[in-house]
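Here the structure comes first, spelled out in structure tokens, and everything after it is commentary.
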Amino acid sequence: MATMVSSASGLLAMLNENHPLLKLHALNNLNAFVDHFWHEISTSVPIIESLYEDEEFDQRQLAALLVSKVYYYLGELNESLSYALGAGPLFDVSEDSDYVHTLLAKAIDEYASLRSKAAELHEAAAKVDPRLEAIVERMLDKCILDGKYHQAMGMSIECRRLDKLEEAITRSDNVPGTLSSCINISHSFVNRREYRHEVLRLLVKVYQKLPSPDYLSICQCLMFLDEPEGVASILEKLLRSGSKDEALLAFQIAFDLVENEHQAFLLNVRDRLTDPKSQPLEAVQPGSSEPDSAQNGNATASEDVHMTDGTIAPNGTLHEMDPNEVTYAERLAKIKGILSGETSIQLTLQFLYRHNKSDLLILKTIKQSVEMRNSVCHSATIYANAIMHAGTTVDTFLRENLDWLSRATNWAKFSATAGLGVIHRGHLQQGRSLMAPYLPQTGAAGGGSPYSEGGALYALGLIHANHGEGIKQFLRDSLRSTSVEVIQHGACLGLGLAALGTADEEIYDDVKNVLYTDSAVAGEASGISMGLLMVGTASEKASEMLTYAHETQHEKIIRGLALGIALTVYGREEEADTLIEQMTRDQDPILRYGGMYALALAYSGTANNKAIRQLLHFAVSDVSDDVRRTAVLALGFVLYSEPEQTPRIVSLLSESYNPHVRYGAALAVGISCAGTGLSEAISLLEPLTSDVVDFVRQGALIAMAMVMVQTSEASDSRVGTFRRQLEKIILDKHEDTMSKMGAILASGILDAGGRNVTIKLLSKTKHDKITAVVGLAVFSQFWYWYPLIYFISLAFSPTAFIGLNYDLKVPRFEFLSHAKPSLFEYPRPTTLPTTTSAVKLPTAVLSTSAKAKSRAKKEADQKASAEKSSGEESSLAGSNIGKGKPSSEKDGESMQVDNPSEKKAEAEPSFELLTNPARVVPAQEKFVKFLEESRYVPVKLAPSGFVLLRDLRPTEPEVLSLTDTPLSTASPAGGSATGQQGSASAMAVDEEPPPPQPFEYSA
């Protein structure tokens, strides 16, 4: 029976006794009752501490444990942990008490902090108390023994104990699943890039030890580590295997890598794939000239030799080749086409063209409401058209409005020509011939307008963005052969886009020569172009650019260089800290503004707390409005991996007294929540769309469109409200220009890419889409330079499921979307009455009219019954009146009223069958399922994007979609066939009409 103790004074008195057993008795009991009497015991802490320090006392560890508990209750956690370490094994890590849980958390934090500091200082071994290390190791071992593998993984990563991380993964029940979640942890919670790479290297090592390695995940890790050799060897191994399934897996890996848009890395992988073993050809007759390049995406198809069995011999070097080598050569040609990006671009182009649902009536409404004199809104309409038709190759609106378009002068003409590059983006084969009428003509006397020539070079860059191998030389030649700053401006932007991230030294020198001419217009573009060229390289060239920014007097050049320097440190995280510090402390506000972009891009998608704190500090403290606005906007780039956080973080800033800060808050939400349709983001932006300041309204309207893109009215009614708000602003003759421009651009973004693209900054594997992030960063510069609006097209990602077979063709088959069709349907086409500002009022019906109508109806019924003997026939005739052409407008309207009640009888199905290739919007992905009896099974379960398919019935004939022949029966743009059926712009990828007529008009 337990004895009730009312005070610890008696036990404390025993501590002063000489006999060790009395002291032991006292310590044991005090330790048992410390939870109740810690306040009394605290007065005798010096006595207990002296027992711990007495090396002859054999119960020192018990004394340390008691002191540790007293300090815990006193809130002195550092002292408490110090004595807990002295308690040795008596500090039981398995004890379920607040005391143990708190001290373990403290121990892990302390240990992790010491290990991190040692890593930052590049010290070989951290100076850690071995007793602290022992406690952490006991805790990790206990987690692994108890089967709490995820907890052990988290602690191992935090404590930089990769040995324990490997043990936790390998001993888990589901190693592939644990590895997958470990990749997510490393991306979400490891703040330092260098350490994240160490974790990923370990994961690759563990993956490779598995009996059946997950090559998809391994290659994603290797891409993140920038190790193209590893990826190339895996792809080669899969291609050389005799199995078709392994070849399909190799193709899938290549498509997944292409989605991350890392051009330099992909080209490195492609160039490391070894050609088949062969001897030179002596004499081989070329076979059919069928365009295999379109099917295989082979960049060197023109040099290939087609064998009689249909196989391809790369570069004409096939002679007495082993059958396995023939198969490898075929597969190699396909995978090189995928890695060069040509296959995916070709398929995307066909998809966007055939599924185009652009509504030309919206553009006609905008055009009719824009005043002739308002050049800003005129240009905005051209931008909106380009964005609305991005990648579709449909330029009907431009062809039908050449006279209206011809009003564009100077830079507006530059933008109008460049817009063709957005519309034809990805048209790699015919891009140059499409733009030929506008391009600089060598040796031509007088030449055309420098504005349309500069715009055409910019357009070529947009067409070939991130895939510029075929156009780089032409753009370089154009840049070298001109001294006209407008043409240099376009050529620099075009070169930067075409050679994005390739760090090509020769191109860099060409662009740098333009910079050193110190021309404001050309210098601004060259600064941006140098950044685009060196994206993510953290090149030493950044300091060279910074030096010139200090020397020049032109604000335009400084601003171009500031953004260019920021682009060079893209994704480099802590590696960029020195440069960021240098820029953010600069006296020139334009360079501090560049520092905000450097912070945004260096830590893009990391949700790094340090970067967020720095940006918030500048957002509220800098003396320059430009810097404050950009600091808030930059939060969108840091947080796009966790979009739901952004509205919460910027909510107070969105209510700032400073309109520049409010504008920044709007765009930050637009960038980070783009394409999500996030309810909190819409709620934050709604009040800003009716802000008192015009440019805040402009930013909020653009941001709202970015958030709502591909969100249907059925899933959020505010989408319909927003569309009506845009129409109202555009039609309102008293609305100011800034807001009207925002509404016009928002209309284009809402329906971007023929209503078949969204804005995505992360791939399905949660890696950055580099081109998309860079595109939005440069797009946000439109505040200073409108032509940069077109960079938003780099962030567009098709909302498509495109299933491919072994031949990289698109077989026709059905799969399931387990949701109501209305949730994800295209917006309904607008009807003609919405193009006028007049509101149609209900027709007033007089009582005399009603009586007359009733009388007429009676007479008609009597006449009908007299003519037809059958009552049934009579009722049929009566119903046909409503279905035929009404005798008067009023009758027609009265008949239309009854239609909705007839439709209500049909309940909407809870699912729909989609046919490959199909539009699948991001919110729909979780509802997509393959049918059980389907002929095709995906290599990797993916609800959208390019998915390789295994054919379970290979002997049966296949029906293919997206063939190279154009559709001849109907317009591909179902939404507004009137404007596009039979139009020269309704083009297939391989069959081109002549380009639009040049719009050169003399004033």
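Position 1 is the first residue of the sequence; numbering continues from there.
Annotation for Leu145: atom CG counts as buried by contact number, over 12 foreign heavy atoms lying within 6.0 Å. More than 12 heavy atoms of other shown residues, nucleotides or ligands fall within 6.0 angstrom of atom NE2 in His101.
When every heavy atom of Thr711 is checked against every heavy atom of Val707, the shortest pair comes out as OG1-O, 4.0 Å. Leu684 and Pro647 get closest at one heavy-atom pair: CD1-O, 3.4 Å. Counting all heavy atoms, side chain and backbone alike, Tyr207 lies closest to Ser217 at OH-CB, 3.3 Å. Nearest heavy atom pair, residue Ala619 against residue Arg628, reads O-NE, 2.9 Å. Closest non-hydrogen pair, Phe618 versus Thr584, comes out as CZ-CB, 3.5 Å.
Without hydrogens or angle criteria, Tyr195 side chain to Ile157 main chain gives a donor-acceptor distance under 3.5 Å. Side chain of Ser604 to main chain of Leu601: a donor-acceptor pair is present (N/O by atom type, distance under 3.5 Å, no hydrogens or angles). Side-chain atoms of Thr178 come within 3.5 Å of backbone N or O of Asn174 as a donor-acceptor pair. A donor-acceptor contact shorter than 3.5 Å links the side chain of Tyr149 to the backbone of Arg171. Judged by distance alone, with hydrogens and angles left aside, the side-chain atoms of Arg592 form no donor-acceptor pair with the main-chain N or O of Val627 at under 3.5 Å.
Partners of Asp768 according to the salt bridge (Lys or Arg N to Asp or Glu O under 4.0 Å) rule, which considers only residues two or more places apart in sequence or in another chain, do not exist here. With sequence neighbours excluded, the residues forming a side chain to side chain contact (heavy atoms under 4.5 Å, CB included) with Ser156 are Leu140, Lys164, Leu165, listed by chain and number. Looking at residues two or more places apart in sequence or on another chain, you find a side chain to side chain contact (heavy atoms under 4.5 Å, CB included) between Lys610 and Asp577, Tyr603, Asn608, Arg613, Gln614. Partners of Arg662 according to the side-chain hydrogen bond (donor to acceptor under 3.5 Å, both in side chains) rule, which considers only residues two or more places apart in sequence or in another chain, are Asp691. Remark: Glu166 pairs with Lys205, Lys209 by the salt bridge (Lys or Arg N to Asp or Glu O under 4.0 Å) rule, at least two apart or across chains. Partners of Gln220 by side-chain hydrogen bond (donor to acceptor under 3.5 Å, both in side chains), not counting sequence neighbours, listed by chain and number: Asn260, Thr765, His767. Residues passing the side chain to side chain contact (heavy atoms under 4.5 Å, CB included) test with Ser68, sequence neighbours excluded: Ser80, Tyr83, Ala84, Tyr99, Leu103. Shown here are the ring pair (Phe, Tyr, Trp, His ring centres under 6.0 Å) partners of Tyr215, two or more places apart in sequence or in another chain: there are none. Judged as a salt bridge (Lys or Arg N to Asp or Glu O under 4.0 Å), and not counting sequence neighbours, Asp214 has no contacts. Taking Glu575 as the reference, Arg193, Arg572 meet the salt bridge (Lys or Arg N to Asp or Glu O under 4.0 Å) condition, with sequence neighbours excluded. Not counting sequence neighbours, the partners of Glu158 by the side chain to side chain contact (heavy atoms under 4.5 Å, CB included) test are Ile108, Asp109, Ala112. Taking the side-chain hydrogen bond (donor to acceptor under 3.5 Å, both in side chains) definition, one finds that Asn658 meets it with Asp625, sequence neighbours left out.
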Q: Go through Val669 and Leu678 one step at a time and tell me if the side chain to side chain contact (heavy atoms under 4.5 Å, CB included) criterion holds.
A: CA-CA 10 Å; Val669 170; Leu678 198 67; over 6 Å; no
Q.
The test is side chain to side chain contact (heavy atoms under 4.5 Å, CB included); show your working for Met155 and Lys148 and say whether it passes.
A. CA-CA 11 Å; Met155 285 197 296; Lys148 295 176 180 173; over 6 Å; no
Q: Take Arg196 and Glu573, measure what salt bridge (charged side-chain N to carboxylate O under 4.0 Å, His left out) needs, and give me the verdict at the end.
A: CA-CA 11 Å; Arg196 193 182 308 120; Glu573 298 178 42; 2.8 Å; yes
Q) Going through the checks in order, is the side chain to side chain contact (heavy atoms under 4.5 Å, CB included) test met by Val199 and Ile185? A) CA-CA 10 Å; Val199 174; Ile185 291 169; over 6 Å; no
**Q.** Step-by-step side chain to side chain contact (heavy atoms under 4.5 Å, CB included) determination, His617 to Asp622
**A.** CA-CA 8 Å; His617 168 72; Asp622 202 278; over 6 Å; no
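The existence of a salt bridge linking Arg192 and Glu198 is excluded, since no basic side-chain nitrogen approaches an acidic carboxylate oxygen closer than 4.0 Å.
Counting heavy atoms from C-beta outward, Val204 and Glu227 have side chains that stay 4.5 Å or more apart. You'll find the side chain of Val100 stays beyond 4.5 Å of the side chain of Tyr72, heavy atoms only. Side chains of Leu200 and Ser186 form a contact here, defined as non-hydrogen atoms less than 4.5 Å apart. Proximity of Leu776 to Ile759: side-chain heavy atoms (C-beta onward) are separated by under 4.5 Å at one or more points.
Between Arg718 and Ser683, the side chains place a donor N or O and an acceptor N or O closer than 3.5 Å (distance only, hydrogens not considered).
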